[in-house]
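Shown next, in structure tokens, is the structure this report addresses.
Ligands are counted one by one from 1 in listed order, and the atoms in each one are counted from 1 as well. Worth knowing before you read on, the calculation uses all heavy atoms, side chains too, and leaves out hydrogens, waters and symmetry mates.
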Amino acid sequence: EKGGYASFMLKEIAEQPKAVADTLLGRIDASGSLTLDEVRISAAELREMDKVVIVACGTAFHAGLIAKYAIEHWTRIPCEVELASEFRYRDPILDQQTLVIAISQSGETMDTLMALRHAREQGSKVLAICNTNGSTIPRESDAVLYTHAGPEVAVASTKAFLTQLVACYLVALYLGQVRGTKWGDEIRAVIRDLARIGGAVERVLGTMEPVRELARSLAGKDTVLFLGRHVGYPVALEGALKLKELAYMHAEGFAAGELKHGPIALIEEGLPVVVVVPSPRGRSVLHDKIVSNIQEIRARGARTIVIAEEGDEAVVPYADHLVRIPVTPTLLQPLVATVPLQVFACELATARGNEVDQPRNLAKSVTVE
Ligand code: F6R
């Protein structure tokens, strides 16, 4: 059933272009608008929402963190993202004007289920983003947008994550479309870019051999750090989570702007640091700041592994290893930037002799709180 791949994880990483395309299928009409009929919360209700709250765990939480950037930018509705396990215990402020989005691959995660039950008890509408038809979370929600990743067997989430991102973008763009924002032209352009993004993921997958080689060379290390900014920050968190769960290594993701507030003290000779670089176009200030960060850590001995857009020449002098990703709109970059981190973690774990499909101590679906 692994279709010739050494593990389900490798197979599922390879399936990502299709998973992304399948999740878009039938949701963009011929005129380039979104049709999300399945979202049974009416356009009128969606126009009334004054806050979005996203609840999820683990990798799905990282998708939620990225969704926040998209939702707030395209809709101007304030959006909070919270770990489902923390949510209900702090008596969150919720009402009928709060749209709660619960993200879950399995649809059975108890923390997420308890969070959504709490939200519904307070009168909020819950939209589930879920990969498993008929599972508990969508059944208990007011509406559901299914991701079409297909069954995910490996414990570590890969293709489900990319499709969760696609679903989050669809929700953000749909909210923008329904409510009408000044970003109308940008929204139409992004919908066109989204329709092509599977091809970009495919291209990344075709260039992963140097990343595998690099990962194998780091098998003896104890720690890897990950830095990112803007949507690259949750990507850094996701890269670190993959490495923890698969390679059993100490891995941490930081917002690059936080470096000087503490984490830079960790930098020592030979420490591998993966940096997710924002596009030099668009929010170019952030790009320039992160290039300075790369310079700073390299001057202190870090071995820099730089993930940067094709054509970004500014990073070249400071990258010990350079991983190229296709040019994408800023908010969509996580769809391509995450892929090398998945491959990196999978290969490093394999080089350390770990079983990537069944990491120790972990279960695919966590049905206890
Ligand atoms: C990480 C991973 C977990 C899950 C988390 C939520 O690779 O698989 O962190 O993302 O347990 O699971 P779902 O999405 O099923 O609610």
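Exactly one of E347, E238, K159, Q16 qualifies for a side-chain hydrogen bond (donor to acceptor under 3.5 Å, both in side chains) with Q342. That residue is Q16. Of the residues K364, E152, H62, Q105, the one that meets the side-chain hydrogen bond (donor to acceptor under 3.5 Å, both in side chains) test with S157 is E152.
Between L241 and ligand 1, no N or O atom pair is found at a separation short of 3.5 Å. Below 3.5 Å of separation, one finds no N or O of K364 facing any N or O of ligand 1. Ligand 1 has no N or O atom lying under 3.5 Å from any N or O atom of T112, backbone or side chain.
Side-chain contact check for T158 and E12: no donor-acceptor pair (N or O, by modelled atom type) lies under 3.5 Å. Judged purely by distance below 3.5 Å, without hydrogens or angles, the side chains of R281 and H287 never pair a donor atom with an acceptor atom.
No donor-acceptor pair closer than 3.5 Å links the side chain of T147 to the backbone N or O of A149.
Membership of an apolar cluster is not assigned to I93, as no side-chain contact below 4.5 Å to another ILVMFWY residue is traced.
When each atom of ligand 1 is checked for a heavy atom of S104 under 4.0 Å away, the hits are 13 (P), 14 (O), 15 (O), 16 (O). The atoms of ligand 1 that sit less than 4.0 Å from any heavy atom of A60 are 10 (O), 14 (O). Close contacts of ligand 1 with G58, meaning ligand atoms under 4.0 Å from a residue heavy atom, involve 9 (O).
With hydrogens left out, the protein atom closest to atom 6 (C) of ligand 1 is C57 O, 3.4 Å, a heavy atom. For atom 16 (O) of ligand 1, the closest non-hydrogen atom of the protein is T109 OG1, 2.5 Å. Closest protein heavy atom to atom 2 (C) of ligand 1: T59 OG1, 3.9 Å. Among protein heavy atoms, the minimum distance from atom 8 (O) of ligand 1 is reached at V155 O, 3.2 Å. Here the protein heavy atom with the shortest distance to atom 11 (O) of ligand 1 is V366 CG2, 4.3 Å. Here the protein heavy atom with the shortest distance to atom 7 (O) of ligand 1 is E245 OE2, 2.5 Å. Summary of contacts: the protein heavy atom closest to atom 14 (O) of ligand 1 is Q105 N, 2.6 Å.
Ring to ring, H230 and Y69 are close: their centroids are under 6.0 angstrom apart.
Rounded to the nearest 0.5 angstrom, I71 CD1 and R76 CZ are separated by 12.5 Å.
Contact analysis leaves N131 out of contact with ligand 1, as no non-hydrogen atom separation drops below 4.0 angstrom.
Partners of T223 under the side-chain hydrogen bond (donor to acceptor under 3.5 Å, both in side chains) rule, at least two apart in sequence or in another chain, are H250.
When heavy-atom distances to ligand 1 are checked against a 4.0 Å cut-off, E108 has no atom that comes that close, whether in backbone or side chain.
Closest of all the heavy-atom pairs between A172 and T75 is O-CG2, 3.4 Å.
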